[in-house]
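Heavy-atom basis, side chains included; hydrogens, waters and symmetry copies ignored.
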Amino acid sequence: MPVEPVLENSGSHLSKYDEVPQELHRAMLRLNFPSSYVVVGAYRLFTDKSLYVPAWNKCRNGARRGLICGFAWICASYSIQRRIIKAAVTNPSSIFSVRYITRFEETADDLSHETLLGFKLPFSISTYVAILLVGSQVTSIINFFVARNIRIVRRRVWDQTVASRGKGPEFWQPYIEEWDSPPVVNERWDRLDRMFKMWFWKVIIQKVILLPLSLYPFVGTFIAAAFKSLRTAQDLHKPYFATKKMTAHQEAVFVEERKWDYRMFGFVAALLEGLPIVGLVFTVSNRIGAAMWAHDLEKRQHYVAAQRRTSVTSPSAGSEAVRT
């Protein structure tokens, strides 16, 4: 039997529908660890032939051309870029200088004698940064050749994942507010957020600010992923918001109520998507994980809607019983 809503603490910002029936327990366990959907999405992509075979067939030709051009770019530019980076890293005034945590020796080479916090490194800092930089350039080259087809693949894997759950279009119902006291969303921040979605600002933020930050030795990749986490998760759930026909305000409230869930999911997703070359594969698998997360979120929306209908009809039924 469904658990009746708990009416105590109704003034709290939390939902009174936290207690769920037995059939929703597994979904709620998954919802408590949103980053697990990233792992599940990757697993499904790599093991389900109905997903990875059509995806590879769609992107295969562009990926091959991109890899050939990327390999030529590596051969032509790696040594030059590494020399420039080495000069920047060893310059004490450079923003990439890590002398405050790394001890350099004059004889350091690729199999370096450099240390980080006392641990010997397998290669030099400049080699590490050069690999990341050239890798990001090769990723951009491959993405240029597969951009159109990989967008189609992402849309298809979302649809296939939703269809594999055995749900039709009627499953996606209008938005239901789950919290007793929804958070107040600042509309000014919404307008600012919409401005930053413009392609010009996206290029400025991603290429001018976050790319150099991600190249910072060892910690930069994680810091960049943290900055991109919320936006990455929201972008991955755009099909979910569109299917439910949510307004911009409803989207903002929905995300604000689950902002740490979105940050956790988005951090792991952005971290994998930021990997050189293979990150393009994770942009597809993350869409699968996001679809599975959306399916569980929608199941909870159904439960809340059912409980609210019950709470509305129960008082009228009780009054009828009193009159008789």
Side-chain angles (χ1 to χ4, degrees), residues 2-21 23-38 40-41 158 162 165 167 171-194 196-197 225-270 286-287 289-312:
V3 178
E4 291 295 326
V6 180
L7 298 180
E8 299 92 288
N9 302 323
S10 58
S12 169
H13 68 281
L14 298 176
S15 173
K16 60 186 177 183
Y17 304 104
D18 290 331
E19 295 293 333
V20 297
E23 58 268 22
L24 288 182
H25 279 183
R26 292 183 63 184
M28 289 303 299
L29 286 175
R30 292 191 294 266
L31 288 173
N32 288 333
F33 300 96
S35 54
S36 64
Y37 290 100
V38 177
V40 174
W158 175 282
V162 171
R165 313 304 287 179
K167 307 297 183 182
F171 174 71
W172 308 96
Q173 298 182 0
Y175 171 71
I176 296 293
E177 177 53 55
E178 299 180 14
W179 282 25
D180 301 326
S181 300
V184 177
V185 179
N186 192 329
E187 299 293 341
R188 293 181 179 178
W189 284 110
D190 287 346
R191 288 194 292 270
L192 185 63
D193 183 61
R194 285 194 293 271
F196 281 121
K197 288 180 182 177
F227 274 108
K228 294 187 291 185
S229 59
L230 189 60
R231 172 52 50 202
T232 299
Q234 287 181 269
D235 288 343
L236 288 169
H237 259 180
K238 278 183 178 179
Y240 177 52
F241 300 144
T243 303
K244 288 179 70 68
K245 298 181 173 59
M246 294 169 65
T247 64
H249 179 75
Q250 288 174 337
E251 288 182 27
V253 172
F254 187 84
V255 172
E256 179 64 23
E257 291 173 348
R258 300 160 182 81
K259 61 182 178 182
W260 291 111
D261 290 344
Y262 273 87
R263 289 185 191 279
M264 289 169 61
F265 176 86
F267 174 76
V268 180
N286 286 340
R287 191 60 63 92
M292 300 183 72
W293 186 21
H295 178 266
D296 286 344
L297 288 170
E298 188 64 13
K299 288 168 70 175
R300 179 174 169 81
Q301 286 265 294
H302 283 216
Y303 168 71
V304 173
Q307 289 295 88
R308 291 202 168 167
R309 286 194 297 268
T310 302
S311 64
V312 169

How long is the span from the CG atom in Asn286 to the OG1 atom in Thr232, to the nearest 0.5 Å?
8.5 Å

Between Arg300 and Asp296, does any NZ, NE, NH1 or NH2 come within less than 4.0 Å of an OD or OE carboxylate oxygen?
no

Separation between NZ (Lys245) and OG1 (Thr243), nearest 0.5 Å, reads 7.5 Å

Considering all heavy atoms, the nearest Ala233-Phe265 contact
CB-CD2, 3.9 Å

What's the separation between atom OG in Ser35 and atom CE in Met264, rounded to the nearest 0.5 Å?
4.5 Å

State the CD-NE2 distance between Glu256 and His249, to the nearest 0.5 angstrom.
11.0 Å

Answer whether the closest heavy-atom distance between the side chains of Leu230 and Val255 falls below 4.5 Å.
yes

Quickly, which of Glu178, Glu177, Gln173 forms a side-chain hydrogen bond (donor to acceptor under 3.5 Å, both in side chains) with Tyr175? Name it, please.
Glu177

For the NZ atom of Lys259 and the CZ atom of Arg263, what is their distance to the nearest 0.5 Å?
7.0 Å

Atom OH in Tyr240, atom NE2 in His295: separation rounded to 0.5 Å?
10.5 Å

What is the minimum heavy-atom distance between Asp261 and Leu31, and which atoms define it?
OD2-O, 4.3 Å

Would you confirm whether His237, through its side chain, and Ala291, through its main-chain N or O, come within 3.5 Å as a donor-acceptor pair?
no

Main chain of Pro183, side chain of Glu257: is a donor-acceptor contact present, judged purely on distance under 3.5 Å?
no

Within-4.5 Å side-chain heavy-atom neighbours: Phe241 and Thr247:
no

Which pair of non-hydrogen atoms, one from Leu236 and one from Ala269, has the smallest distance, and what is that distance?
CD1-CB, 4.1 Å

Using side-chain heavy atoms (C-beta onward) and a distance below 4.5 Å, is Phe171 in contact with Lys299?
yes

Nearest non-hydrogen partners of Ala270 and Ala225, listed with the distance:
CB-O, 3.9 Å

Quick one: list whatever passes side-chain contact (heavy atoms from CB on, under 4.5 Å) with Ala306, sequence neighbours left out.
Arg309

Checking ring pair (Phe, Tyr, Trp, His ring centres under 6.0 Å) against Trp293, which of Phe33, Trp158, Tyr262 comes through?
Tyr262

Any heavy-atom pair between the side chains of Lys244 and Gln301 that's under 4.5 Å?
yes

With Arg258 as the cation and Phe254 as the aromatic partner, state whether NZ or CZ is under 6.0 Å from the six-membered ring centre and within 45° of the axis.
yes

